[in-house]
Amino acid sequence: MDQEPIEPGDATNYSAAQVERGRQLVARDDNAEAQQVHTRLELGDLVLEAVGGSPVSRFAADIGITIGMANEYRRIAVACDAELRTLLATSAVIVPYSVLREVAVGYSLDKAAKEEERASAEVAESNRRGRVEKLRALMGEDGRTRVTAKEIREAIGAVPIPNSASAMTPARYVEQVATRVDVREAVIAHLASDPESVRTVTAAYLVDRPAALKAAVKADPEMAAHVRAAVDRRPQLETGAVIPTQNPSPEDTLAELVSALGGGKPSEDAQLAQWRKQLSDRLSGIRLLLDQFPASDVAVRADGALHTRIRLLASDMTAWADEACAETRPALRIVGGTS
């Protein structure tokens, strides 16, 4: 992964011990929700300790988080005074990080409210204290075990936002894991260990490179389906669009593929082998049905309608088997007796 650019004035005088501590906290950040808020507060405190108010990009890269994460954790650590930290530490009520972020910095406040707080430190501190009191009131409710982000946003009048899990797109998930070098390497290692994943990634790379594509498909015929899928995933070109010669269209790429496959059809032997495998798989499914539903159980538990269906199916299967195996049935051999 390319390292994020070093910002002008970036702090570099932090210690190896601080870097190691940061890496330990980042590794611990995936633990239980109840502990996550404390871990991220510790990360914010560590960023303050290591670089103060200086740019954070080098330290963030060294401990394995993004610049945005480092800045956010530092900002929240500054906003969490002793009163708020004591409230979190002395209560059994779970306060997720998303809730702390709302209370500490008004993360989901509308634009006007945020601008008002940026314009006046006095207003910002007054609003922050008001948010802390609203959190305290929620945490003090009878039977309360957890405060949700939705509840705190409603309490402080913040802009409602979708549940983060439901709002996450696949691309956003990829973007997040790509910021963690260890996670990214683990994902790549997992993909590399799975032949189907390797073919999918390779096809996506080769779909615009017909010459290399033909060689890959010849070496591994199973690549064909993955290439077709890669073509299908590509955005459709607008009608009448001019296609540069150096960037072949999906149709041209498929034409190259068809040529490489000798007409795009598997050989007769390959087709027969595939057909036999499909039949074998279906027969295995019937065998599984018999094993999963023993006749003794069916006799007792099935109703009349099911018994009728079973008999009809058995009759059809018997007729099918007789016809299917007629040519391979061994001839009867009559052995004469002795008088």
Side-chain angles (χ1 to χ4, degrees), residues 25-26 28-48 56 60 65-177 179-180:
L25 289 171
V26 170
R28 197 179 82 191
D29 190 44
D30 293 332
N31 287 345
E33 180 184 55
Q35 298 302 319
Q36 189 180 73
V37 65
H38 301 293
T39 299
R40 294 186 180 183
L41 266 177
E42 287 186 64
L43 275 167
D45 289 337
L46 179 63
V47 173
L48 277 170
V56 300
I65 60 176
T66 66
I67 295 173
M69 293 163 69
N71 280 326
E72 180 177 288
Y73 296 163
R74 175 171 61 181
R75 183 183 173 206
I76 290 174
V78 169
C80 287
D81 59 6
E83 178 187 15
L84 178 52
R85 291 175 186 245
T86 300
L87 176 62
L88 296 173
T90 57
S91 174
V93 176
I94 295 174
V95 177
Y97 174 75
S98 57
V99 172
L100 177 64
R101 185 170 59 179
E102 297 292 350
V103 173
V105 299
Y107 182 79
S108 299
L109 293 175
D110 61 32
K111 183 178 179 181
K114 288 181 178 180
E115 289 179 350
E116 183 182 18
E117 291 194 359
R118 278 194 290 267
S120 170
E122 183 178 348
V123 169
E125 176 59 15
S126 175
N127 290 350
R128 187 196 68 83
R129 289 187 175 278
R131 294 193 295 267
V132 171
E133 290 309 310
K134 286 183 170 61
L135 173 62
R136 190 192 306 277
L138 287 171
M139 293 173 70
E141 292 177 352
D142 291 341
R144 170 73 69 174
T145 60
R146 185 177 186 273
V147 179
T148 69
K150 182 175 183 293
E151 289 172 328
I152 194 65
R153 288 181 191 121
E154 290 176 349
I156 68 176
V159 179
I161 63 175
N163 175 273
S164 59
S166 63
M168 288 288 283
T169 63
R172 179 59 178 156
Y173 278 116
V174 171
E175 179 184 344
Q176 286 195 350
V177 302
T179 64
R180 290 272 302 274

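Between Gly44 and Ala77, the shortest heavy-atom contact is C-CB, 3.6 Å. Residue Val147 comes nearest to Met139 through the heavy atom pair CG2-CG, 3.9 Å, listed as atom of the first residue, atom of the second, then distance. When every heavy atom of Ala79 is checked against every heavy atom of Val105, the shortest pair comes out as CB-CG1, 4.2 Å.
Atom CG of Leu84 sits about 7.0 Å away from atom CG of Leu135, to the nearest 0.5 Å. For the atom pair Glu117 CD and Ser126 OG, the distance stands at 9.0 Å (nearest 0.5 Å). One finds the CD1 atom of Ile156 at 7.0 Å from the OG atom of Ser108 (value rounded to the nearest 0.5 Å). Atom-to-atom distance recorded for Leu25:CG and Thr39:OG1 is 6.5 Å, nearest 0.5 angstrom. Here CZ of Arg153 is found 4.5 Å from CD of Glu102. Values are rounded to the nearest 0.5 Å. The CD1 atom of Ile94 sits 9.5 Å away from the CD atom of Gln35 when rounded to the nearest 0.5 Å.
Of the possible polar contacts, one joining the Glu151 side chain to the Thr148 backbone as a donor-acceptor pair under 3.5 Å is found. Looking at Thr90, its side chain does come within 3.5 Å of a backbone N or O of Thr86 through a donor-acceptor pair.
Between Leu109 and Arg131, some side-chain heavy-atom pair lies under the 4.5 Å cut-off. Considering only heavy atoms from C-beta on, Ile76 comes within 4.5 Å of Tyr97 through its side chain. Counting heavy atoms from C-beta on, the side chains of Pro96 and Gln36 never come closer than 4.5 Å. Here the side chains of Leu138 and Val99 are not in contact, with every heavy-atom distance at 4.5 Å or above.
Residue pairs meeting the salt bridge (Lys or Arg N to Asp or Glu O under 4.0 Å) criterion with at least one member in residues 69-98, sequence neighbours excluded, are Asp45-Arg85, Glu72-Arg101, Asp81-Arg128, Glu83-Arg129, Glu83-Arg136.
Note that Arg40 lies outside the cation-pi zone of Tyr73, set by a 6.0 Å cut-off to the ring centre and a 45° limit from the axis.
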Worksheet item: Can you check side-chain contact (heavy atoms from CB on, under 4.5 Å) on Asn71 and Thr66, steps first, answer last?
Response: CA-CA 9 Å; Asn71 280 326; Thr66 66; over 6 Å; no
